[in-house]
Amino acid sequence: MIIVAGCTKKEPTRTSGIDTIDNITHFAVTYFNYGFSFSSAKLLSTDLNPGPDITLFLNTGYVPPSLTLQTNNLKPSFYKLDDYPDEASAKTAFDNLKTVSVSQWLDMADPIITNQVWIYRSGSDVYTKFRIISIINETRQSVPYGECTFQWITQPDGSSTFPGK
């Protein structure tokens, strides 16, 4: 008889990446969406506890409808660094953002458009910077559809300085 012993290597959770969220509503027992959790670096259902850090909302009250990022951590959590005219400028600003120094936070990232740089503050004051790479804001099968692809880096230790590359 041969016994094979092994161990499972647990990979560390990502602290940066490029990810995409959308506003598609799903149904199981209840209706839910998927948002993104920076702390677990993956999509999470809004019916989980804890749920995602950010979710995408398509505000159809505007013409054209606008895309908004929202959170459910009971405090203003977004700060827009700026809108940039092109991808290169936005990427440079994102890369050069090294520390968090914000005095006025917003309840939502509204509206989001391509080539913006934002800072997100979690409920436990862990900061993430993110750059909007692309958005989709259209109607699909007579339903408003929104999608956002973003690059992000989080500060896993909660400090005010973003980790280097």
Side-chain angles (χ1 to χ4, degrees), residues 8-84 87 90-91 94 97 100 102 105-158 162-163:
T8 307
K9 181 179 179 184
K10 182 170 170 56
E11 293 295 322
T13 302
R14 293 185 297 144
T15 57
S16 64
I18 295 176
D19 290 276
T20 300
I21 58 175
D22 62 42
N23 72 322
I24 295 174
T25 301
H26 304 271
F27 182 79
V29 176
T30 61
Y31 288 98
F32 65 94
N33 297 74
Y34 285 101
F36 190 78
S37 168
F38 295 114
S39 59
S40 61
K42 64 182 177 183
L43 293 175
L44 289 180
S45 168
T46 54
D47 64 355
L48 294 177
N49 188 12
D53 292 317
I54 59 171
T55 55
L56 184 67
F57 177 73
L58 196 134
N59 188 344
T60 57
Y62 293 102
V63 178
S66 67
L67 292 175
T68 300
L69 291 174
Q70 300 181 350
T71 189
N72 192 21
N73 66 18
L74 306 177
K75 67 180 179 181
S77 298
F78 295 96
Y79 174 77
K80 182 171 69 170
L81 189 63
D82 213 344
D83 299 318
Y84 296 92
E87 180 181 4
K91 185 158 181 15
F94 177 82
L97 178 59
V100 172
V102 176
W105 293 93
L106 302 170
D107 292 326
M108 299 177 280
D110 180 36
I112 57 166
I113 60 173
T114 301
N115 298 323
Q116 287 177 328
V117 175
W118 290 84
I119 299 171
Y120 168 78
R121 170 178 68 167
S122 75
S124 57
D125 291 333
V126 173
Y127 302 97
T128 301
K129 65 179 179 177
F130 63 96
R131 174 177 68 94
I132 307 297
I133 295 173
S134 66
I135 62 166
I136 296 173
N137 184 354
E138 63 190 23
T139 300
R140 292 187 178 175
Q141 300 174 347
S142 302
V143 177
Y145 175 78
E147 182 179 289
C148 175
T149 299
F150 54 95
Q151 178 185 13
W152 61 278
I153 296 176
T154 196
Q155 301 166 300
D157 63 0
F162 288 104

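Just so it is clear, the structure is predicted and the values come from calculations on it, not from any experiment.
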Please report the closest heavy-atom contact between Pro111 and Ser66, naming both atoms and the distance. CB-CB, 3.9 Å

Measuring from Thr128:OG1 to Trp152:CH2, what's the distance to the nearest 0.5 Å? 7.0 Å

Of the non-hydrogen atoms in Gln116 and Asp83, which two are nearest, and what is the gap between them? NE2-OD1, 2.7 Å

Please report the interatomic distance CD1(Ile18) to CD1(Ile133), rounded to the nearest 0.5 Å. 4.0 Å

Taking NZ in Lys42 as the centre, count heavy atoms belonging to other residues, nucleotides or ligands within less than 6.0 Å. Is the count above 12? no

Evaluate the side-chain proximity of Leu58 to Asn137: yes if any heavy-atom separation is below 4.5 Å, no if none is. yes

Those residues at least two apart in sequence (or on a different chain) that pass side chain to side chain donor-acceptor pair (under 3.5 Å) with Asp157 are Ser159

Please give me the minimum heavy-atom distance between Ile153 and Ser16, naming the atom from each residue. CG1-CB, 3.7 Å

Do you know which two heavy atoms are closest between Ile113 and Ile135, and how far apart they sit? CA-CD1, 4.1 Å

Going by the angle between their ring planes, with limits at 30° and 60°, are Tyr34 and Phe32 parallel, tilted or perpendicular? perpendicular

Would you say that His26 contacts Ile24 through its side chain, given a criterion of any heavy-atom pair below 4.5 Å between the two side chains? yes

Ignoring hydrogens and angles, write down the donor-acceptor pairs under 3.5 Å from the side chains of residues 67-74, residues two or more places apart or on other chains.
residue: Thr68; atom: OG1; partner: Asp110; partner atom: OD1; Å: 2.9
residue: Thr71; atom: OG1; partner: Asp53; partner atom: O; Å: 2.7
residue: Thr71; atom: OG1; partner: Tyr120; partner atom: OH; Å: 3.3
residue: Asn73; atom: OD1; partner: Lys75; partner atom: N; Å: 3.2
residue: Asn73; atom: OD1; partner: Ser77; partner atom: OG; Å: 2.9
residue: Asn73; atom: ND2; partner: Ser77; partner atom: OG; Å: 3.0
residue: Asn73; atom: ND2; partner: Tyr120; partner atom: OH; Å: 3.3
residue: Asn73; atom: ND2; partner: Arg121; partner atom: O; Å: 3.2

Dump the intermediate steps for side-chain contact (heavy atoms from CB on, under 4.5 Å) on Val126 and Ser39, then the final yes or no. CA-CA 9 Å; Val126 173; Ser39 59; over 6 Å; no

Tell me if the OH atom of Tyr31 is crowded by more than 12 foreign heavy atoms within 6.0 Å. no

Does the plane of the ring in Phe150 sit parallel, tilted or perpendicular to the ring in Phe38? Use 30° and 60° as the thresholds. perpendicular

Can you name the nearest heavy-atom pair linking Tyr127 to Gln155, along with the distance? CB-OE1, 2.6 Å

Sub-3.5 Å donor-acceptor pair from the side chain of Asn23 to the main-chain atoms of Leu56, do we have one? no

Counting distance only, does the side-chain N/O of Lys80 pair as donor-acceptor with the main-chain N or O of Ala109 below 3.5 Å? no

Heavy-atom side-chain proximity of Cys148 to Ile132 below 4.5 angstrom: yes

Surrounding CD of Glu87 (heavy atoms of other residues, nucleotides or ligands, distance under 6.0 Å), is the total greater than 12? no

Closest non-hydrogen contact found for Pro52 with Leu44 is CG-O, 3.7 Å

Separation between OH (Tyr79) and CG (Leu106), nearest 0.5 Å, reads 9.0 Å

As an exercise, state the distance from CG of Leu81 to CH2 of Trp118, rounded to the nearest 0.5 Å. 10.5 Å

Residues pairing under salt bridge (charged side-chain N to carboxylate O under 4.0 Å, His left out) where one sits in residues 17-40, two or more places apart or in two chains, turn out to be Arg14-Asp19

side-chain contact (heavy atoms from CB on, under 4.5 Å) for Phe162 and Val100? Distances and angles first, verdict last. CA-CA 8 Å; Phe162 288 104; Val100 172; 3.7 Å; yes

Carefully, step by step, assess Asn59 and Phe57 under the rule side-chain contact (heavy atoms from CB on, under 4.5 Å). CA-CA 6 Å; Asn59 188 344; Phe57 177 73; 3.8 Å; yes

